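Take a look at the structure set out below.
Note that the structure is a prediction, hence the values are computed from the model and not measured. The sequence lines fix the lettering, A, B, ..., with proteins before strands; numbering per chain opens at 1.
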Amino acid sequence: MDLPKSYDPTALEPELYEWWEDNGFFHAEADDDGEPFAIVIPPPNVTGSLHIGHALDNTIQDVLVRRARMQGRNAVWLPGTDHAGIATQTVVERQLAEEGLTRHDLGREAFLERVWEWKAESGGTILGQLRRLGASCDWEREAFTFDDQRSAAVRKVFCDLHEEGLIYRGLRLINWDPKAATALSDIEVDHVEVKGSMTYMRYPAADGGEGVVVATTRPETMLGDTAVAVHPEDERYAHLIGRTVVVPFVDREIPVIADEHVDPEFGTGAVKVTPAHDPNDYEIGVRHDLPMIDVMTDDAAINANGGPYAGLDRFEARRQIQADLQTQGYLVRIEEHVHQVGHSSRTKVPIEPRLSDQWFVDVAPLADKAIAAVRDGRTTFVPQRNTKGFLDWLENLHDWCISRQLWWGHRIPAWYDADGGVHVFREDPTEAQIAELGLTHQDEDVLDTWFSSQLWPFVTLGWPEQTPEMATWFPTDVLVTGYDINTFWVSRMLMISTHLLGEVPFHTVLNHGLVRDAHGKKMSKSFGNVIDPLDLIATYGADALRYALLRAAPPGQDVPLAEEWVEGGRRFANKLWNVARLVIDRAGIGTPEGVSVDEGLPADADLRLEDRWILARLEAAQQVADAAYDANDIAPAARGMYHFIWDELADWYLELAKLRDDRASKQVLVTVLDAALRLLHPVMPFVTEQIWRSLHGLTPADTDVALMRSAWPGTLRGADPVAEQGFAVVQEVVTELRKLRAEYDIPPKQRITVSAVASGEVRAAMDAGQDGIQRLAGVDVLSFDSAAPDGLVGKVLAAGAELYVSLDGIVDLAEERARLERELADAQGEKRRAEGKLSNDSFVSKAPEAVVAAERQKVADWTEAIAKLTEQISEMDTAGG
RNA sequence: GGGCUCGUAGCUCAGUGGGAGAGCGCUCGCCUCACACGCGAGAGGUCGCUGGUUCAAAACCAGCCGGGCCCACCA
């Protein structure tokens, strides 16, 4: 039972985790007892490693699932990883580049083998790191978005939606990432403000007239212009509508058309229209049935349609065209212009809007169902304020481009015949089908990685099979994620689940914020302020990191994290450890005459004031913790337990318990510690489990019982306001005496003699807490009198009691007189303040009686105090002379 | 342009209608028989500004100032 003096998490934590996992404490079965509770992990990227954001996300999930287990619920946490198409492919391509190779050198099959090797090598890294954090996942249920079972589900969903007409292939304007050479969806594009230029250039009229001046930020797209548009009511250009102008360099004659979209106030009021390279222009092109000329290659150089500029990179082409406009007299002017430009969120290069054949999901019918689910409250957001933005986004969705020109991912199950006909197959086509339909090849593209992860909440439970797991745990309870992926992932899960299963995938979305550095700055490699959670765990322990993250993480708010907070977490763990050492030692756990936790509390009659007080404070802490956990707002629970254990249990109750050797105090000690460990366990699972084991006299050989599976505490004695008020008197008396000691520089070891004037409940409380007061304030003799004693005394007021401390031989007269003067001034100020309030008629007539009465009492108290201080000072003057 | 959010002690943040709090940092005193990863005592704040509601505002309302974030196809 000997616990070492300091808590060393680094050795204990991994051992404990292994013990939990090996003994099945994380595992749940669908037919286990208890109300079901399920969380699916946001699957981390297969080749990733644990960063601080994961640490926060998974700590929150772990807290929720651990508490649910302790509440007796049939709780499961489903773990797994995401194949993360583009991200993973990029990593492997980078490795190849170091060997001087590209994926094309290997070919598709060999490249994929290479990615699978990489997945096998590094795919489990992050899951091991989650274990180190303490994540109590049910590892027997680990899934991967690209394993056979999940792949089959993806294919089924693709085919189902295709059959319903909700997935289609079409020529649309999409976001093209020229570096990754793939299409992207709208939300994979970040709008970044850049300083660019606005080029004003003249397109001469086909009949030799002066034509029209247009303004553009992207002059190179002129190569694909197929119209100039003006506002229908713009008188300046009315004469040109229906006429034609000539695009320089490519000598194309294009019409001037009228379209409402054009803002006459902006630029020249005339817009060049490039339907193949701009979303607005595309819309105009569709409305007016304009030709759409793609002038770019896959890597965003000008293609053959660009005439003399073919082969130039898009930015070189821009500069060259500006120069040529100048030399050939088409240029009017170039202005500086700041505007938003779409960049690939993956490769960070400017995306190119481009006309392309891709696969799309018709999202409107799905979005309607998701919107309805959120409006009905079937799924709610924590914090609630995130709801509006989410709904706004869903209401303005464009169709989702799901095909990617990548190799790593779910390949689109579509085949083409020689005439360009498209055939979608639930099972790969047989030889016979290939021959019969004249199929030439399978679609080369793979699906957006989010297409598979949107199925995560139910494919992890075995869907599309009707498994017991689905029956028990679906819909899941809470999805924990940063607000930054509500659109990417949460929205898609909600849409597809309400559509395919007719149910929401989870009841609650708990959004947390981003982890930032100590000064609230975003962590980034370029700032050099990135904190590695694994380093922190190695130094301070997982419990310390968990505490540091949770204590400052209310829903939806960013979390500032500095190493000092983690250090604070370690100190807290160490404090708890030492509290436990003392409790276990005093209670004699494991000794024949010792008490055991199972004994429960002593009879009420055997409880002393401080016993009743600490039990009432435990009750209060429990209520704070429960309210916080129930609201999915863990921070107040973490802070509340810190406060209870440190400031109340350790600083007060333990100090008083040291004075006692009765069985009752020991029973209270172990009962309170046991409850505190349970309440804190979700936040700091390791240290609490370890202590709990000792407290219960268990060893690792007892493999069938653990704190993490024990019961969540209920009420012990309930509230006890009388004890709380009584003990508050003791606390105030002690604190005031300590202050006095500090003020007079009385050495810690010098005991003092105190004479108190007190009556009624205050006197009773001081009686009840007398030995405590003596010990904690270093009091030798505490006596009660009806008046101030003679001699040189220091005086303090505490909880309505007057305390006189003998100062003979301790301080000199002048100092004490000055002190009393200060006190008198304070008292007079306080009295004036209360009188001021009472002289306000509306306060007296409108404020609640109790509030007014309290003010009156204050006036009376301070009046009395002033009288006594005045008397004391004059006595001193007389005596001291 | 639209939406959200924050502004409280040197730093990071709790508090959300009845006399300003925590952690860290700082000062002073303590190796007190659980813990120096500790104990005790302090210093430090016009609670962004202005107005309003109220007997009473850090808290509720409005406006303003100053940060941050998200969304948006103005060429």
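- Closest contact between the side chain of Arg571(A) and the listed nucleotides rG38(B), rC35(B), rG18(B) involves rG38(B).
- Across rC35(B) and rG40(B), the matching C1' atoms stand 15 Å from one another, rounded to whole Å.
- Taking 3.5 Å as the limit, the base of rC37(B) and the side chain of Lys575(A) contain no donor-acceptor pair of atoms between them.
- Going from atom CZ of Arg639(A) over to atom C1' of rU12(B) covers 12 Å, rounded to whole Å.
- Taking atom C1' in both rA59(B) and rG68(B), one finds a spacing of 23 Å when rounded to whole Å.
- Counting heavy atoms of neighbouring residues, nucleotides and ligands inside a 6.0 Å radius, atom CD of Glu336(A) does not exceed 12 of them.
- Residue Lys388(A) places no side-chain N or O under 4.0 Å from the OP1 or OP2 atom of rG2(B).
- Among the protein residues, Lys272(A) comes within range of no part of the nucleic acid, since none of its heavy atoms lies under 4.0 Å from any strand.
- Rounded to a whole Å, the CG atom of Asp745(A) is 13 Å from the C1' atom of rU27(B).
- Between the side chains of Gln322(A) and Thr199(A), at least one donor N or O lies within less than 3.5 Å of an accepting N or O.
- Here Glu283(A) lies out of heavy-atom contact (under 4.0 Å) with every strand.
- Rounded to whole Å, atom C1' of rC70(B) lies 12 Å from atom CD of Gln340(A).
- Of the candidates rA36(B), rA41(B), rA75(B), rA36(B) carries the atom nearest the Lys5(A) side chain, counting heavy atoms from C-beta on.
- Taking atom C1' on both rA9(B) and rG15(B), the two are 14 Å apart, rounded to the nearest angstrom.
- Relative to the ring axis of Trp652(A), Arg738(A) places its NZ or CZ within 45° and under 6.0 Å from the centre.
- For rG17(B) and rA56(B), the C1' atoms lie 8 Å apart once the distance is rounded to whole Å.
- Within the nucleic acid shown, Arg551(A) has no heavy atom closer than 4.0 Å to any nucleic acid atom.
- Tyr642(A) places its OH atom 8 Å from the P atom of rG38(B), with the value rounded to the nearest Å.
- Nearest nucleotide to the Ser6(A) side chain, out of rC30(B), rA34(B), rC37(B): rC37(B).
- In this structure, rG23(B) forms a base pair with rC11(B), meeting either the Watson-Crick or the G-U wobble geometry with both donor-acceptor distances under 3.5 Å.
- Straight-line distance between the C1' atoms of rC49(B) and rA57(B): roughly 16 Å, to the nearest whole Å.
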TODO: Report the C-alpha separation of Asp225(A) and Tyr203(A) in whole Å, then their side-chain angles, then the decisive distance to 0.1 Å, and conclude whether the side-chain hydrogen bond (donor to acceptor under 3.5 Å, both in side chains) test is met.
DONE: CA-CA 11 Å; Asp225(A) 281 358; Tyr203(A) 286 3; 2.5 Å; yes

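- Atom CH2 of residue Trp646(A) and atom CZ of residue Phe572(A) lie 8.0 Å apart, to the nearest 0.5 angstrom.
- Judged by a 6.0 Å distance limit and a 45° cone about the ring axis, Arg492(A) is positioned over the six-membered ring of Trp400(A).
- Among the protein residues, Lys739(A) comes within range of the sugar-phosphate backbone only, with heavy atoms under 4.0 Å from sugar or phosphate atoms but none that close to a base.
- The nucleotide whose nearest atom lies closest to any side-chain atom of Pro560(A) is, among rC55(B), rU12(B), rA14(B), rU12(B).
- Among the protein residues, Lys837(A) comes within range of no part of the nucleic acid, since none of its heavy atoms lies under 4.0 Å from any strand.
- Between the P atom of rC13(B) and the NZ atom of Lys521(A) lies a distance of 12 Å, rounded to the nearest Å.
- His519(A) comes within 4.0 angstrom of the backbone, heavy atoms only, and of no base.
- Backbone-only contact: Asp651(A) has heavy atoms under 4.0 Å from sugar-phosphate atoms and none from a base.
- Rounded to a whole angstrom, the distance from the C1' atom of rU27(B) to that of rC33(B) is 29 Å.
- Atom P of nucleotide rC4(B) and atom CG of Asn511(A) are separated by 16 Å, given to the nearest angstrom.
- Closest to the side chain of Pro848(A), out of rC55(B), rA75(B), rC35(B), is rC55(B).
- The residue Arg738(A) sits close only to the backbone: its heavy atoms come under 4.0 Å of sugar-phosphate atoms, none of a base.
- Residue contacts for Ala650(A): at a heavy-atom cut-off of 4.0 Å it reaches a base atom on one of the strands shown.
- Nucleic acid contact for Glu855(A): none, since no nucleic acid atom lies under 4.0 Å from a heavy atom of the residue.
- Between rA34(B) and Trp646(A), no contact under 4.0 Å exists linking OP1 or OP2 to a side-chain N or O.
- Salt-bridge check for Arg354(A) with Glu352(A): failed, with every basic side-chain N at 4.0 Å or more from each acidic carboxylate O.
- Taking atom P in both rC60(B) and rC47(B), one finds a spacing of 15 Å when rounded to whole Å.
- By the 30° and 60° cut-offs, the orientation of the rings of Phe390(A) relative to Phe381(A) is tilted.
- Here the side chain of His339(A) is nearest to one of rG18(B), rA34(B), rA75(B), namely rA75(B).
- Rounded to an integer number of Å, the gap from Asn574(A) CG to rG23(B) P is 17 Å.
- Among the heavy atoms of the strands lying under 4.0 Å from Val262(A) is at least one base atom, whether or not backbone atoms are also near.
- In this structure, the side chain of Thr268(A) engages the main chain of Val213(A) through a donor-acceptor pair within 3.5 Å.
- Nucleic acid contact for Trp565(A): base, since at least one base atom lies under 4.0 Å from a heavy atom of the residue.
- Pairing for rU50(B) goes to rA62(B), judged as Watson-Crick or G-U wobble with the two contacts each under 3.5 Å.
- Searching all strands for a Watson-Crick or G-U wobble partner of rG38(B) with both distances below 3.5 Å returns rC30(B).
- Between the NZ atom of Lys858(A) and the C1' atom of rA56(B) there is a distance of 12 Å, rounded to whole Å.
- The base of rA14(B) does not come close enough to the side chain of Gln557(A) for any donor and acceptor atom to sit less than 3.5 Å apart.
- In this structure, rU16(B) makes no Watson-Crick or G-U wobble pair, since no nucleotide meets both defining distances under 3.5 angstrom.
- Taking only side-chain atoms of Leu654(A), from C-beta outward, the nucleotide of rA34(B), rA14(B), rA72(B) with the closest atom is rA34(B).
- A 3.5 Å limit on both hydrogen-bonding distances identifies rC71(B) as the Watson-Crick or G-U partner of rG1(B).
- Where Ala834(A) and Val844(A) meet RNA chain B, the nucleotide closest to each residue was compared, and Ala834(A) sits on the side nearer the 5' end.
- By the 6.0 Å contact criterion, CD on Glu563(A) is open, its count of non-hydrogen atoms from other residues, nucleotides or ligands being 12 or less.
- Of the side-chain N and O atoms in Lys749(A), none sit less than 4.0 angstrom from OP1 or OP2 of rC39(B).
- Each of rA75(B), rC55(B), rC35(B) was ranked by its minimum atom distance to the side chain of Lys846(A); first place goes to rC55(B).
- Place Arg385(A) and Phe843(A) on RNA chain B by their nearest nucleotides, and Arg385(A) ends up nearer the 5' end.
- As judged by a 4.0 angstrom heavy-atom cut-off over every strand, Asp263(A) is placed among the base-contacting residues.
- Gly269(A) comes within 4.0 angstrom of a nucleotide base, judged by non-hydrogen atoms across all strands.
- The separation of rU5(B) from rG48(B), taken at their C1' atoms, amounts to 15 Å, rounded to a whole angstrom.
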